[in-house]
Every structure is written in C-alpha cells, then in structure tokens.
There are 2 protein chains.
Amino acid sequence: MRSDTRAGRLPEPSSPIADDGDAIRFCRTCAFAGACLAVGYGKPELEALHCLVEHVGPYRTGDHVFRTGDPFRAIFAVRAGTVKTCLVDRDGREQVLGFYLPGEVIGLNAIYPEQFPCDAIALENAQFCRFSFPAMSALATRMPAVQQHLFRLLSKELGTASLLAGDHSADERVAAFLCDLGSRYEARGFSGTRFALSMSRGDIANYLRLASETVSRVLTRFRSQGLIALEGRQVELLDADALRQLGEGLLPG
Amino acid sequence: MRSDTRAGRLPEPSSPIADDGDAIRFCRTCAFAGACLAVGYGKPELEALHCLVEHVGPYRTGDHVFRTGDPFRAIFAVRAGTVKTCLVDRDGREQVLGFYLPGEVIGLNAIYPEQFPCDAIALENAQFCRFSFPAMSALATRMPAVQQHLFRLLSKELGTASLLAGDHSADERVAAFLCDLGSRYEARGFSGTRFALSMSRGDIANYLRLASETVSRVLTRFRSQGLIALEGRQVELLDADALRQLGEGLLPG
DNA sequence: GCGGCATCTTGATCAGGATCAGTCCGGCGA
DNA sequence: TCGCCGGACTGATCCTGATCAAGATGCCGC
C-alpha cells in the first residue's frame with residue numbers, strides 16, 4: 001500500500017501540503033503548532049512531544065488510513081493531501097462524516113468507543129503525523145497546553161458536527177460547504193477563494209445529506225448566478241459574501 | 001430563582017433524580033462517578049474534586065442555566081430534572097441540540113469557543129453540579145482518570161452528534177429517539193421502557209429536524225401498531241426490539 | 001486513435017414531509 | 001363556571017429534493 005518512507009516524492013505537485021516540521025519544530029500550520037510553541041524550544045517536553053509523533057504515509061488515493069473497528073491507539077494530523085471519514089451502516093451505505101485538510105486532526109471520535117467508529121480514506125495521496133494517544137494523554141497530564149489543545153480540538157469538532165445536523169435547504173448547505181472549505185484552506189495558508197475540490201460530487205452530496213444530482217444543480221445555478229466559477233473540481237468563490245450570507249445558518253460563529 | 005441549598009425539597013416527586021452524593025462520594029449514576037471512584041476514598045485528590053464542585057439550583061421549568069454568549073467558566077452535570085440545549089439563529093428560530101437527563105453533562109461544546117454557543121433551558125425543575133472548568137482541567141493534569149473522563153465525554157458526544165446528522169426517515173428518527181431515551185434512563189437507574197417525555201412534541205420535532213405534526217403522526221401510528229403505549233407525555237415502549245430495529249440506522253453502536 | 005468506465009450534468013417524475021388550517025383537550029386564572 | 005390559551009392531533013395541499021433515466025464529459029489503458 002505505501003511505497004516507502006521518503007517524503008516529498010509524491011507525483012502530485014499541485015496538492016496542498018502543510019509546511020514541513022523537523023526534529024525541532026512542528027509544521028507551523030498544524031493543529032498542534034500552538035501546543036508546540038507553548039513549551040518553547042529546547043525544553044524536554046518538546047522532545048517528548050516529538051518522540052510520540054511518527055510520520056506515516058504516503059497513502060495513495062482510496063487507501064484506508066484506518067478502518068471501522070480498528071483498535072484506537074493514535075490520532076492523526078493530516079500533513080499532506082485530504083481525507084474523508086465515513087461510517088458504513090449495515091446496509092453497506094456509506095455516510096461521509098467529514099473532510100480533513102492538511103493541518104487538521106482525525107480520529108478524535110474514537111477515544112470514547114476505544115475503536116475507530118468510522119473509516120478514514122485518502123482522497124488524494126496523503127501523509128500524516130501519527131500521535132500515539134496513550135503517550136499523548138500521558139504527556140497532556142504534564143503539559144497543560146497539550147491537554148488544552150486536545151479539549152479544544154474535541155470541542156470544536158463537536159460544534160461543527162451539530163451545525164450540520166440542522167435542517168437547511170440544499171442551497172444553504174452547499175454555500176456553507178464552500179465557505180467553510182475556503183476559510184479552512186485560508187486558515188492553513190492556502191487560497192481561501194480558489195481551490196480544488198478533492199472529493200467527488202457524490203461525496204459532497206453524501207456529506208451534506210443531499211443527492212449528487214442536487215449538488216450538481218445547485219453548483220450549476222451558483223455558477224449561472226455568478227457566485228462561483230467552476231470547472232470540473234476547480235472552484236473559485238467569486239462572491240464569497242453572498243455565499244456566506246446564504247450559508248450563515250450553518251456556518252460556525 | 002433558587003430557593004435554598006437544601007436538596008430533596010423540590011415540589012416534583014415523580015421527577016427522576018440522580019442519587020445523592022455527599023462530601024465523601026459522588027452520585028453513583030453521575031458521569032463523573034468513575035473518575036471519583038478511580039481515586040479511591042480519602043485521597044487528597046478526591047477532596048480537590050469536591051472543592052471544585054458547587055451544587056446549583058433548583059432552577060424552575062423554563063429557566064436558563066446558561067445563555068448563548070455567556071463566558072465559559074464551568075460545565076454542569078444534571079443532578080435532577082432534564083434540560084435542553086438549543087441554539088438560536090439570527091432569525092430567532094431555535095434549534096434543539098440535545099436533551100440531558102440526570103447524570104449527564106452539559107457545556108462541553110463551550111470549551112473551544114470559550115463562551116457558550118447555545119442556551120440551556122430547564123424542562124422541569126432542575127438541579128446541577130457545577131464544575132469550574134479551569135479548576136477541573138488543572139485537576140485533570142494531576143489525575144489521569146479525570147482527564148480520561150473528560151476526553152471520553154467529549155468523544156462520546158461527538159459520536160451522537162454525527163449520528164443525528166444522517167438522512168433518515170421520520171419513523172427512523174422517532175424510533176431511535178425513543179430507544180435512545182430509554183437506554184439512557186436505564187443506564188441511570190430508571191425504567192428504560194416506561195418514562196415521561198419531559199419535552200413538548202415541538203421540542204422533539206425540532207431536535208429530530210421534523211415538524212411537530214410529523215412527530216404526532218408517527219407517535220400515533222406507533223401506538224396503533226402496538227409499538228408503544230402513549231398517554232400525553234407518558235410513554236411505554238411495548239416492542240423495544242421493533243423500535244430498535246427501526247431506528248438502528250442512527251442508534252449508537 | 002479507440003473503447004470502456006466513472007463522474008458529472010440535465011430533464012421528468014415522484015414522494016416524504018412541511019405547511020396551512022381546523023378541531024380537540026387540559027390546565028389555569030378570573 | 002366560564003373563557004382563554006398553549007399543546008396536541010388530524011386532514012388537505014404544496015414544495016423541496018429524491019429518484020429514475022438519459023446524455024455528456026473526462027480519464028485511462030490499450
């Protein structure tokens with residue numbers, strides 16, 4: 001499944017990648033960057049934080065990072081590529097829970113059940129930082145900043161999950177989806193208005209609890225209204241304000 | 001609003017109440033009971049855990065426990081009564097996020113934004129244990145069991161939130177709602193098949209993203225099918241298996 | 001180039017649940 | 001006792017988005 005451990009040799013030059021960390025410093029855009037900075041450089045805790053990180057990948061498009069039922073031992077920060085998490089009900093229908101960009105963290109919902117409640121599948125070739133969770137929570141007891149970070153990550157994801165549960169029209173959902181993706185790309189240092197959708201229309205639809213035909217239609221209409229430019233999976237938000245207004249009902253904040 | 005601190009004097013004899021804790025011991029059915037037991041009796045940490053708990057209430061039906069925008073300083077465990085949490089969008093429409101029974105914890109989604117993102121409203125006269133969050137997370141760094149508990153509580157709520165986000169029929173939603181309530185009552189030591197719905201049909205509908213008329217119709221049909229007995233807000237699950245099967249698509253596990 | 005396949009788009013029809021409207025019921029205060 | 005009011009139930013109609021169906025487009029291997 002994986003080729004080898006040498007990084008930076010992915011045949012995907014246009015794919016966003018988090019800036020590289022090294023033995024001294026985490027990626028600046030990583031979800032754990034704050035925790036890392038908080039301890040300052042050279043402290044023994046920093047070394048501890050690095051000891052429990054393991055770079056894994058590359059995974060190829062369609063590969064599983066983890067599967068439903070796998071024992072929970074670690075959480076993963078996306079270093080490169082994008083991932084979707086999805087659960088598969090017993091009828092075999094999958095339900096997309098979320099998309100994760102470089103710098104974001106997957107696996108938090110496995111803490112309680114102690115096994116992964118969902119699959120995580122690479123949407124593009126992807127790499128990860130793997131944080132052993134026992135080691136991480138042990139470290140968290142010594143480093144309040146790390147504990148704080150974990151609490152915040154969990155709480156944040158809780159907020160976004162409940163927003164999606166609301167009853168909103170297809171237009172609202174799609175608009176909010178585009179705005180959310182944009183602001184997340186922007187937060188990680190990429191363009192917030194021009195980006196590629198790494199997931200299929202079907203995945204978007206599944207995530208938004210719509211039919212893929214509906215997503216197509218809404219996107220087409222948004223384009224004809226001049227709200228977005230669209231070419232295949234490449235999208236540009238032309239009127240981000242209008243989109244944000246449309247989607248405000250389920251946008252964070 | 002509150003009368004005094006003496007417990008057990010609520011004018012609501014039929015309302016479920018978590019068993020009483022005292023200075024030495026937490027309520028056995030409380031979400032924090034495990035953390036409490038883990039430290040053993042008489043240890044200094046136990047005293048610390050008690051120092052940061054404050055019994056608050058009683059609140060009367062309709063009272064706010066906290067409001068959207070209130071600065072986040074504490075989480076609350078329900079001691080008696082039931083609560084709903086709901087966010088109010090700028091059009092003034094409210095969206096119910098969840099119902100909380102004795103022993104359950106509210107306020108976890110406020111950690112990240114550092115202010116409450118929703119209102120919490122008592123559905124019956126209610127009392128709470130208030131846990132100062134700064135004190136609690138400080139304690140968590142010294143007591144791995146407390147930290148573990150917080151992680152698990154957060155992760156668990158994450159799981160339930162994403163289940164509700166799926167696209168399911170009205171029947172599935174209502175069936176799952178009834179089963180979930182039943183098993184939660186059971187887990188806290190009450191009957192899992194006979195209980196009173198402390199919330200209105202409108203609240204149920206809002207929570208399930210349905211119209212209240214739809215909830216009425218589904219409940220009526222369930223009754224005519226012999227799945228439940230229903231009299232006002234008093235409900236009995238007559239065929240819990242059938243209900244569970246109906247709702248399995250969005251039931252935890 | 002070509003065929004094969006998955007993805008995307010567009011159109012026509014259908015259905016589940018929302019909405020609107022009317023009635024009933026129980027609780028409460030005057 | 002009465003009238004009021006909010007909550008609950010039921011029926012009729014409407015509308016959004018799902019489903020079914022048919023092309024269009026793009027991608028890959030050969």
Side-chain angles (χ1 to χ4, degrees), chain A residues 11-12 14 60-62 84 91 93-96 121 123-124 164-177 196-225 228-235 246 249-250, chain B residues 11-12 14 60-62 84 91 93-96 121 123-124 164-177 196-225 228-235 246 249-250:
Chain A
E12 190 140 273
S14 66
R60 301 183 62 86
T61 302
K84 70 172 176 185
D91 312 344
R93 291 173 310 191
E94 82 172 32
Q95 163 162 158
V96 175
I121 299 173
L123 293 171
E124 309 166 283
L164 203 66
D167 65 331
H168 301 278
S169 71
D171 286 20
E172 287 179 292
R173 285 173 189 273
V174 175
F177 172 74
L197 303 168
S198 52
M199 68 295 288
S200 71
R201 301 288 194 273
D203 280 338
I204 297 174
N206 188 315
Y207 174 65
L208 298 176
R209 317 311 168 205
L210 299 170
S212 62
E213 294 92 330
T214 304
V215 172
S216 257
R217 279 184 250 269
V218 173
L219 286 177
T220 303
R221 186 153 34 76
F222 281 179
R223 178 171 50 185
S224 74
Q225 292 170 337
I228 60 171
L230 185 68
E231 199 183 320
R233 293 189 174 185
Q234 194 68 35
V235 68
L246 259 175
L250 39 48
Chain B
E12 190 141 273
S14 66
R60 302 182 61 86
T61 302
K84 69 172 177 184
D91 312 345
R93 293 173 308 191
E94 82 172 32
Q95 164 163 158
V96 175
I121 299 172
L123 293 171
E124 309 166 283
L164 202 66
D167 65 330
H168 301 278
S169 71
D171 285 19
E172 288 179 291
R173 286 174 189 272
V174 175
F177 173 74
L197 302 168
S198 51
M199 68 295 288
S200 70
R201 299 290 193 272
D203 280 338
I204 298 174
N206 187 314
Y207 173 65
L208 298 177
R209 318 309 168 204
L210 299 169
S212 62
E213 293 93 330
T214 303
V215 172
S216 261
R217 280 185 250 267
V218 172
L219 286 176
T220 303
R221 186 153 33 78
F222 281 179
R223 178 172 49 186
S224 74
Q225 292 169 339
I228 61 172
L230 185 68
E231 198 183 322
R233 293 189 174 185
Q234 194 67 37
V235 69
L246 259 175
L250 39 48

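Atom set for the values below is all heavy atoms of this structure, side chains included, hydrogens, waters and symmetry mates excluded. Every chain is numbered from 1 and lettered A, B, ... according to where its sequence line falls, protein lines coming before strand lines. Just so it is clear, the model here is predicted, and its values are computed rather than measured.
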Visitor: Just jot down the side chain to side chain contact (heavy atoms under 4.5 Å, CB included) partners of B:Ser216, sequence neighbours excluded, or say none.
Guide: none

Visitor: Checking A:Glu94 now: which residues fulfil salt bridge (charged side-chain N to carboxylate O under 4.0 Å, His left out) with it, not counting sequence neighbours?
Guide: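 Counting only residues at least two positions away or on another chain, A:Glu94 forms a salt bridge (charged side-chain N to carboxylate O under 4.0 Å, His left out) with A:Lys84.
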
Visitor: So, using salt bridge (charged side-chain N to carboxylate O under 4.0 Å, His left out) as the criterion, who are the partners of A:Asp171 when residues are at least two apart?
Guide: A:Arg221

Visitor: Output the distance between atom CG (A:Leu208) and atom CG (A:Leu164), rounded to the nearest 0.5 Å.
Guide: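 Here the interatomic distance stands at 6.5 Å.
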
Visitor: Between A:Val174 and A:Leu246, is the side chain to side chain contact (heavy atoms under 4.5 Å, CB included) condition met? List the steps.
Guide: CA-CA 9 Å; A:Val174 175; A:Leu246 259 175; over 6 Å; no

Visitor: Whole angstrom is fine here: how far is it from CG in B:Leu123 over to C1' in D:dG7?
Guide: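 Interatomic distance, CG of B:Leu123 to C1' of D:dG7: 15 Å.
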
Visitor: For B:Arg201, enumerate each residue passing the side chain to side chain contact (heavy atoms under 4.5 Å, CB included) test, keeping only those at least two apart in sequence or located in another chain.
Guide: B:Leu197, B:Val215, B:Leu219, B:Leu230, B:Arg233

Visitor: Write down the distance between CZ (B:Arg221) and C1' (D:dT10), rounded to a whole number of angstrom.
Guide: 13 Å

Visitor: Dump every N/O contact between nucleotides 22-28 of chain D and the protein below 3.5 Å, one line per pair.
Guide:
none

Visitor: I need the minimum non-hydrogen distance between A:Gly62 and A:Ile121, along with the two atoms involved.
Guide: O-CG2, 3.6 Å

Visitor: Over its full length, what angle do the end axes of the helix from C:dT9-D:dA22 to C:dA30-D:dT1 make, each axis taken from five pairs and the result rounded to 10 degrees?
Guide: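 Inter-axis angle at the termini of the helix from C:dT9-D:dA22 to C:dA30-D:dT1: 30°.
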
Visitor: Find the distance B:Glu213:CD to C:dG17:P and express it as a whole number of Å.
Guide: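 Those two atoms, CD and P, are 14 Å apart.
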
Visitor: Output all residues satisfying side chain to side chain contact (heavy atoms under 4.5 Å, CB included) with A:Ala196, sequence neighbours left out; order by chain, then residue number.
Guide: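 For A:Ala196 the side chain to side chain contact (heavy atoms under 4.5 Å, CB included) partners, ignoring immediate neighbours, are A:Gln234.
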
Visitor: So, using side chain to side chain contact (heavy atoms under 4.5 Å, CB included) as the criterion, who are the partners of B:Gln95 when residues are at least two apart?
Guide: A:His168, B:Leu87, B:Leu97, B:Asn206, B:Arg209

Visitor: In residues 228-235 of chain B, which residues come under 4.0 Å of DNA chain D by heavy atom?
Guide: B:Arg233

Visitor: Measure from CZ on B:Arg217 to P on D:dC9 and round the result to the nearest Å.
Guide: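 Nearest whole value for this atom pair: 11 Å.
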
Visitor: Roughly how far, to the nearest 0.5 Å, is the CZ atom of B:Arg93 from the CG atom of A:Asp167?
Guide: 7.5 Å

Visitor: Do any of residues 198-212 of chain A sit with a heavy atom less than 4.0 Å from DNA chain C, and if so which?
Guide: A:Ser200, A:Arg201, A:Gly202

Visitor: How close do A:Gly202 and A:Ser212 get, counting heavy atoms only, and between which atoms?
Guide: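 Minimum heavy-atom contact is CA-CB, 4.0 Å.
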
Visitor: Compare the minimum distances between each of C:dA12, D:dT10, C:dT9 and the side chain of A:Thr220, then state the nucleotide with the smallest one.
Guide: C:dT9

Visitor: Polar atoms only, N or O, under 3.5 Å: list the protein pairs with nucleotides 22-29 of chain C and their distances.
Guide:
none

Visitor: Residues of residues 164-173 of chain B with any non-hydrogen atom less than 4.0 angstrom from an atom of DNA chain C: list those, numerically ordered, please.
Guide: B:Ser169, B:Ala170

Visitor: Any chance you could measure A:Tyr207, atom OH, to A:Arg173, atom CZ, to the nearest 0.5 Å?
Guide: 10.0 Å

Visitor: Which value, rounded to the nearest 0.5 Å, describes the distance between A:Asp203 atom CG and A:Leu123 atom CG?
Guide: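 The CG atom of A:Leu123 is 6.0 Å from CG of A:Asp203, to the nearest 0.5 Å.
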
Visitor: Reckon B:Ser216 has a side-chain N or O less than 4.0 Å from the OP1 or OP2 of D:dT10?
Guide: no

Visitor: OP1, OP2 of D:dA18 versus side-chain N and O of A:Thr214: anything below 4.0 Å?
Guide: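 A:Thr214 to D:dA18 OP1/OP2: side-chain N or O found under 4.0 Å.
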
